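Everything below concerns the one structure shown next.
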Amino acid sequence: MQKDDKPKNALNISARSFLTATAVIFVLMALCYILTFLIPGGEYSYVTDKQGNTVIDTAAGFQSTEGGIPFWKWLLSPLLVLGTPGGATLIAVLLFLLIIGGAFNSLENCGLMKYMLSKITRRYAASKYRLLAFITFFFMALGSLVGSYEECIPLVPIVVALSLSLGWDALTGLGMSLLAAGCGFAAGVFNPFTVGVAQNLAGLPLFSGASLRLLSFAVIYAALLAFLIFHAKKIESRQTKSEGDNTDKHNIDANDRGAKSVGLKDSSTKNDNAKNDNLGASKRMDTALTVFGVIMLAGIAFVISSTFIPAFQDLTMIIVALIFLIAGIAAPLTAGMNARQLASNFIKGVSGVLPATAMILMAASIRFTLEEAKILGTILHAAVEAAQNMPKWSVILFIYFIVLIMNFFVASGSAKAFMLMPLIVPIAQIFGISPQLCVLAFAFGDGFSNTFYPTNPVLLISLGLADVSYTKWVRWSLKFQIIILFLTSAILMFGMLTNY
């Protein structure tokens with residue numbers, strides 16, 4: 001972990017962010033353990049459908065059973081979760097994070113990240129809000145069109161550093177990348193992991209009903225862009241005021257630098273040599289930047305192709321990690337870093353993000369506790385029972401609410417689809433609500449809260465890499481989450497009125 005006085009663009013988990021996030025997650029772990037004493041055990045039966053997916057058997061119904069979890073098992077749950085059916089995915093996430101940490105630290109220390117950011121800053125100095133709009137759209141499109149969220153982690157520190165170089169703050173950078181990817185993932189225009197799976201389970205044609213999801217994408221993008229621009233301008237306003245208070249001091253410093261520069265006119269030979277050295281370094285950096293860009297474009301092309309080639313979908317995270325590993329080796333070597341320096345920087349990068357693995361394991365243990373105590377099924381059953389006694393107009397909002405609650409415990413969109421869709425679609429049909437609207441409510445409930453719940457590993461990793469505490473993130477993003485909650489609820493009501 002880095003101390004808080006280290007450079008903020010270094011890819012390390014800061015001590016403050018780590019301690020804050022760990023404390024929050026531990027409190028949630030303790031609360032879930034207390035719930036195991038208050039909520040009776042229960043479970044649904046599962047069957048395999050025609051496509052080979054494991055889904056809830058609604059005909060068998062809900063069965064009460066003995067619940068509870070031993071204290072020792074709860075205490076060791078962050079380790080025991082690795083042995084569950086989802087443990088392989090969790091291990092893949094941890095390895096993905098460590099590879100990203102090592103690769104990014106190598107790219108940072110060879111000077112490539114700084115060089116790239118300085119070029120972008122100079123290029124868009126006069127139109128940086130256009131750049132903000134483009135980056136935000138790019139990340140939203142990745143989330144909405146190809147279902148990228150975890151895969152965006154390597155790009156988050158780059159965008160945060162870019163935000164700082166443009167005169168904004170780390171929160172603006174997180175909003176342009178992490179928050180944008182989460183919003184796009186929730187809009188789910190062609191998201192294969194939420195909309196695709198949910199439509200398959202609901203018996204709908206793949207990616208049908210895209211019109212309302214496209215409208216949702218446009219509305220959410222406009223809201224996010226307005227939110228980010230308002231915040232960025234507020235940051236600039238503060239900086240302008242601060243600079244105005246120190247104008248005299250800056251003028252004195254500028255005069256001193258001007259006086260000192262007079263003595264440099266006699267050293268023209270040294271300056272010429274320095275210019276030649278800088279020119280050679282710039283050429284190496286340009287070549288390294290080209291290598292990095294080509295490799296990353298290949299990774300983006302693979303992510304996009306995985307939408308149309310189902311066999312690639314299970315390999316997406318592995319391939320993205322491999323792509324970034326190759327970029328993190330090839331680009332620094334091209335920039336002039338030798339093999340020993342590369343190995344040293346890679347190892348330091350891995351150790352810098354290592355604390356994040358503890359946070360991720362603790363967050364994953366919450367679901368393990370609820371499932372092991374057999375109370376997750378009881379919570380879901382109680383929600384389903386409550387929905388049956390509600391007026392029609394409120395049922396779709398309650399379905400949205402159910403998915404929001406379950407997303408706190410089950411981060412995987414596909415896993416939640418298998419758990420919830422066989423239950424909520426029959427209930428919706430009883431009230432005359434279309435399965436298509438259920439899919440939209442599911443996508444909304446699954447996506448936006450990914451960037452808010454402390455049980456989501458991608459959020460924890462990104463906040464740690466950006467050196468932003470979870471409490472600071474909550475204070476900043478809560479306003480936007482509330483805005484989105486009202487907007488998406490209005491979209492669902494519109495869908496009800498138009499018989500979507």
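If you're wondering where the values come from, they're calculated on a predicted model, not measured in any experiment.
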With a cut-off of 6.0 Å (strictly less than), are more than 12 heavy atoms of other residues, nucleotides or ligands near [atom1] of [X]?
X: F26; atom1: CZ; result: no
X: F408; atom1: CZ; result: yes
X: F137; atom1: CZ; result: no

Parallel, tilted or perpendicular: ring planes of W473 versus W476, cut at 30 and 60 degrees: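 W473 and W476: tilted rings.
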Aromatic ring pairing F444/F448, orientation class (parallel under 30°, perpendicular over 60°, tilted between):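 Tilted, since the angle between the ring planes falls between 30° and 60°.
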Between [X] and [Y]: side-chain donor-acceptor atoms closer than 3.5 Å:
X: T287; Y: T334; value: no
X: T451; Y: Q481; value: yes
X: Y33; Y: T369; value: no
X: T471; Y: S469; value: yes
X: S106; Y: N345; value: no

T194/D446 under side chain to side chain donor-acceptor pair (under 3.5 Å): CA gap, chis, key distance, verdict: CA-CA 8 Å; T194 54; D446 172 74; 5.0 Å; no
Are any of the side-chain heavy atoms of [X] and [Y] separated by less than 4.5 Å?
X: T488; Y: V219; value: no
X: V160; Y: T172; value: no
X: I491; Y: S216; value: yes

Steps toward salt bridge (charged side-chain N to carboxylate O under 4.0 Å, His left out) verdict (K128, E236): CA-CA 12 Å; K128 56 184 182 179; E236 289 182 350; 2.7 Å; yes
N/O donor-acceptor pair under 3.5 Å between [X] side chain and [Y] backbone:
X: Y149; Y: N450; result: yes
X: E371; Y: F368; result: no
X: T136; Y: A133; result: no

From CA spacing to verdict: side-chain contact (heavy atoms from CB on, under 4.5 Å), S127, L131: CA-CA 7 Å; S127 57; L131 178 63; over 6 Å; no
Check: H231 ring centre within less than 6.0 Å of W168 ring centre: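 No.
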Residues K472, D467: salt bridge by 4.0 Å N-O rule: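 The answer is no: the pair does not qualify as a salt bridge.
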Working for side-chain contact (heavy atoms from CB on, under 4.5 Å), residues R130 and Y124: CA-CA 8 Å; R130 189 183 305 170; Y124 291 95; 5.8 Å; no
